[in-house]
Amino acid sequence: MQKSFFAVCTVIILLTAVLITYNMLRNGQKIYFNQSISLLGDEAYLLEEIMDATSFDLENTKISIEKYGKKLDVKIAILDTDGVVVLQTNNIHTLVGEQNPEVETALKGNTGNDIRFSKVDNTTYIYIAVPIEMQNKKCVLWLSKSVDTNNLFHEKIMMDGLKIVGIVTVIALIIVNFIIKTMIEPINKMTKTVNEIAQGNYHKKVHIGESGRFGTLAHAINNMSQVLESTIEDLKDRNTKLEAMANGMKDAVIAIDYEYKIILINPMCYKLFSLDGDVMNKNIFDVLRNEHIFNAIEYVLKRQDAIEKEFKYVRNKTIKLHANPILSRDDGGACIGALLLMEDVTKIRKLEIMRRSFVSNVTHELKTPLTSIRGFIETLKNGAISNPTIANKFLDIIDIEAERLYNLIQDILALSEIEVREQDFDVSYYNIEEITDHVFNILKPKADSKNIDLQFHVEVGVVDFLCNKSRMYQMLINLIDNAINYTEEGTVKLLCKKENNYLIFVIEDTGIGIEASQIPRIFERFYRVDKGRSRRTGGTGLGLSIVKHIVMLYKGEISMKSVVNEGTTCTVRLPYINN
Ligand code: ADP
């Protein structure tokens, strides 16, 4: 920039110098010519007076003009009023006559002059023609003199001119250089620094002297960059904290400006709405097409007020939305955007529903035996107690109902105890054969009473399993007890094996079986395929639910396969996690 400025200035200065020199030369030449013409004019009038005063004949006049011509170094001719040469000096080699402009003027009664270049001797001549009267006879006196265009006078003018132009050029270039140094250089430095600051290089400073206007401006730029740097640092710091906070939140967070552009979004939001790619600065309605979100944002931006709502999202998700306006600190607290906090409350809502139905189921389950107990006590009080046979029968029923109540309460307690656990307590390595033996001894009498062949088999290679012994009993007793309860005749088999680091229990019966459509529901609390049969066998409807939670506690899997009237096979797979 500086170089080009210098080059432009140099060209302008040199052009100006050339123009001035040319002009000076032209004017100098003009002055010289004018002076020469004036001098020749004076000589012409002098000659006129001499010749007019003296009476010459033609011969003498010729001698006279030859003499004066030589003395004055001029060419002289005398023409008549028709423009025809009467006399002329010998040094005239061209034709003189009225075709010459100066002669034409003189013939009209005025003094004429002209400057012409003669090709004959390659010289420039000045010409003058004066109307004169010689011995009362009108005629024209014509004089011509060569002018030296390359004379010393010219050279001097040119040299002087060139000297002046040279000095002026040097002075001008020094001034230009000074301007570049004192004005353009600081401006360039400041422009460069401001550009770097604009690109984020806030610690950049302008290094020019402190004095003058540029010094003040540089000082102001340096101050500005310092303030900008600290403001940006402050903003970055706040942004980092804000991002860390948003990223650490369990809820989805999304903030938009007043043009609906996303200005903040956390990973949880990406997860909740299964978003892909960078959505920053995109319009929220292009990213989340949901009328509830749209309505909430419109409400918040228009009313500048918070709103809370719950809605269903894809795949039956329940989302709780809190939308708040973002108010500006300046502008009298104008609304500049909205902040949305979204919570996935699907599990909570499902749990609430489950809890409500559990409470109503428990109430119902407790009510049935209690009503029965109260009914028989009432009947006993009303006189049946005096009949020992009937009284004993009623007391037996009350006993059965009381036991059912006890079992129900035990199962409810067991279920709620397992549900809250993440890991089982009081665990140790137990021999699986010892556990199954214990279960066999408990259930053998019941199987025998129903003439059911109870078979237990533990394969070789089943190693000790890290567990809570009572929990294993609870799980196996529930499953095998069910198999006995729902089998009229035949066998109930337990097979235990180790496969791919899994402890596997297979319980197989030849019982009534379960319809395929019922199988997904039998693990639900209080769900029974046949209520009457379950009650007769003393079932609470919680057995399989307890088993499922025990299996989950051990990070295992349970599956049921069944064919109605042929039998049921239940498979439990528990991983040897720490074994
Ligand atoms: P219950 O106390 O009624 O046995 P469970 O939760 O143990 O409750 O079982 C739920 C239901 O699953 C039972 O009511 C029964 O209808 C069915 N069921 C469980 N095991 C068997 C099985 N081995 N054969 C046939 N039906 C079964």
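In terms of heavy atoms, Cys139 sits closest to Asp80 at CB-CA, 4.5 Å. Closest approach of Ile128 and Ile37 over heavy atoms only: CD1-O, 4.0 Å. Contact between Pro575 and Gly556 at its shortest, heavy atoms only, is CD-CA, 3.8 Å. The two residues Val130 and Ala106 make their nearest non-hydrogen contact at N-CB, 4.2 Å. Contact detail for Ile418 and Leu553: the closest heavy-atom pair is CG2-CD2, 4.1 Å. In this structure, Lys145 and Glu43 approach most closely via the heavy-atom pair NZ-OE2, 3.9 Å.
Contact of the Asp257 side chain with the Ile336 side chain is not registered, since no non-hydrogen atoms from C-beta on lie closer than 4.5 Å. With contacts defined as side-chain heavy-atom distances shorter than 4.5 Å, the pair Glu298/Tyr260 qualifies. Contact of the Tyr554 side chain with the Val427 side chain is registered, since non-hydrogen atoms from C-beta on lie closer than 4.5 Å. Counting only heavy atoms from C-beta outward, the side chains of Ile293 and Phe311 approach each other to under 4.5 Å. In this structure, the side chains of Val253 and Ile265 stay at 4.5 Å or more apart for every pair of heavy atoms. Side-chain contact between Phe523 and Ile558 is present, with at least one heavy-atom pair separated by less than 4.5 Å. Side-chain contact between Glu308 and Lys320 is present, with heavy atoms from C-beta onward closer than 4.5 Å. Residues Val300 and Asn324 form no side-chain contact, since every pair of their non-hydrogen atoms from C-beta on lies 4.5 Å or further apart.
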| said: If you apply the rule side chain to side chain contact (heavy atoms under 4.5 Å, CB included), what do you find for Val74 with Leu40, and how did you get there? | reply: CA-CA 9 Å; Val74 292; Leu40 196 64; 3.6 Å; yes

| said: Set out, in order, the CA-CA distance, both residues' side-chain angles and the distance that settles side chain to side chain contact (heavy atoms under 4.5 Å, CB included) for Ile115 and Thr124, then state yes or no. | reply: CA-CA 7 Å; Ile115 299 166; Thr124 305; 3.6 Å; yes

| query | What's the verdict on side chain to side chain contact (heavy atoms under 4.5 Å, CB included) for Ile78 and Ile65, showing C-alpha distance, side-chain angles and the deciding distance? | reply | CA-CA 9 Å; Ile78 295 165; Ile65 59 170; 4.2 Å; yes

| task | Would you check, one step at a time, whether the test side chain to side chain contact (heavy atoms under 4.5 Å, CB included) holds for Val140 with Leu107? | result | CA-CA 7 Å; Val140 170; Leu107 288 175; 3.8 Å; yes

| message | Using side chain to side chain donor-acceptor pair (under 3.5 Å), reason through Thr111 and Tyr45 one step at a time and then give a plain yes or no. | response | CA-CA 10 Å; Thr111 304; Tyr45 285 113; 2.6 Å; yes

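For residues 99-128, the pairs satisfying ring-ring contact (aromatic ring centres under 6.0 Å, His included) are Tyr127-Trp142, with sequence neighbours left out. Screening residues 336-359 for salt bridge (Lys or Arg N to Asp or Glu O under 4.0 Å), with sequence neighbours left out, gives Glu310-Arg349, Arg349-Glu352. Screening residues 101-115 for salt bridge (Lys or Arg N to Asp or Glu O under 4.0 Å) gives Glu102-Arg116, Glu104-Lys108, Asp114-Arg116 as the qualifying pairs, with residues at least two apart or on separate chains. Every pair passing salt bridge (Lys or Arg N to Asp or Glu O under 4.0 Å) that includes a residue from residues 238-255 is listed here, sequence neighbours excluded: Asp234-Arg238, Asp237-Lys241.
Met245 CE: 12 or fewer foreign heavy atoms inside a 6.0 Å radius. Heavy-atom neighbours of Arg421 CZ from other residues, nucleotides or ligands within 6.0 Å: above the threshold of 12. Annotation: Lys205, atom NZ; neighbour count of heavy atoms from other residues, nucleotides and ligands within 6.0 Å is above 12. With a 6.0 Å radius and a threshold of 12 heavy atoms from other residues, nucleotides or ligands, Phe285 has its CZ atom above the threshold. Under a cut-off of 6.0 angstrom, the local environment of NZ in Lys192 is sparse, with at most 12 non-hydrogen atoms contributed by other residues, nucleotides or ligands.
A distance of 7.0 Å separates CD1 of Ile179 from CD1 of Ile175, quoted to the nearest 0.5 Å. For the atom pair CD1 (Ile254) and CG (Asn266), the distance works out to 8.5 Å, reported to the nearest 0.5 Å. Distance check, rounded to the nearest 0.5 Å: CG of Leu143 to CD1 of Ile126 gives 9.5 Å. Distance check: Ile319 CD1 to Leu341 CG gives 12.5 Å after rounding to the nearest 0.5 Å. From Ser144, atom OG reaches atom CD1 of Ile92 across 7.0 Å, with rounding to the nearest 0.5 Å. The CG atom of Asn295 lies 8.0 Å from the NE2 atom of His292; values are rounded to the nearest 0.5 Å.
Judged purely by distance below 3.5 Å, without hydrogens or angles, the side chains of Thr318 and Lys312 pair a donor atom with an acceptor atom. Defined by atom type and a distance below 3.5 Å, a donor-acceptor pair is missing between the side-chain atoms of Asn90 and Lys70. A donor-acceptor pair shorter than 3.5 Å cannot be found between the side chains of Gln304 and Tyr299.
Judged by distance alone, the side chain of Thr89 and the main-chain N or O of Ile76 form a donor-acceptor pair under 3.5 Å. For the pair Asn247 (side chain) and Ala244 (backbone), a donor-acceptor distance under 3.5 Å is absent.
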Donor-acceptor contacts under 3.5 Å from residues 267-280 side chains, at least two apart:
unit_1: Tyr270; atom_1: OH; unit_2: Gly277; atom_2: O; d: 3.4
unit_1: Tyr270; atom_1: OH; unit_2: Val279; atom_2: N; d: 3.4
unit_1: Ser274; atom_1: OG; unit_2: Arg315; atom_2: NH2; d: 3.4
unit_1: Asp278; atom_1: OD1; unit_2: Met280; atom_2: N; d: 3.2

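Residues that satisfy the side-chain contact (heavy atoms from CB on, under 4.5 Å) test with Thr193, not counting sequence neighbours, are Ile197, Lys204, Val206.
A side-chain contact (heavy atoms from CB on, under 4.5 Å) with Ile12 is found for exactly one of Val8, Leu15, Leu14, namely Val8. Paired with Ile297 under the rule side-chain contact (heavy atoms from CB on, under 4.5 Å), one option of Ile256, Leu321, Leu288, Ile307 passes, and it is Ile256.
A ring-centre distance under 6.0 Å is not found for Tyr502 and Tyr576.
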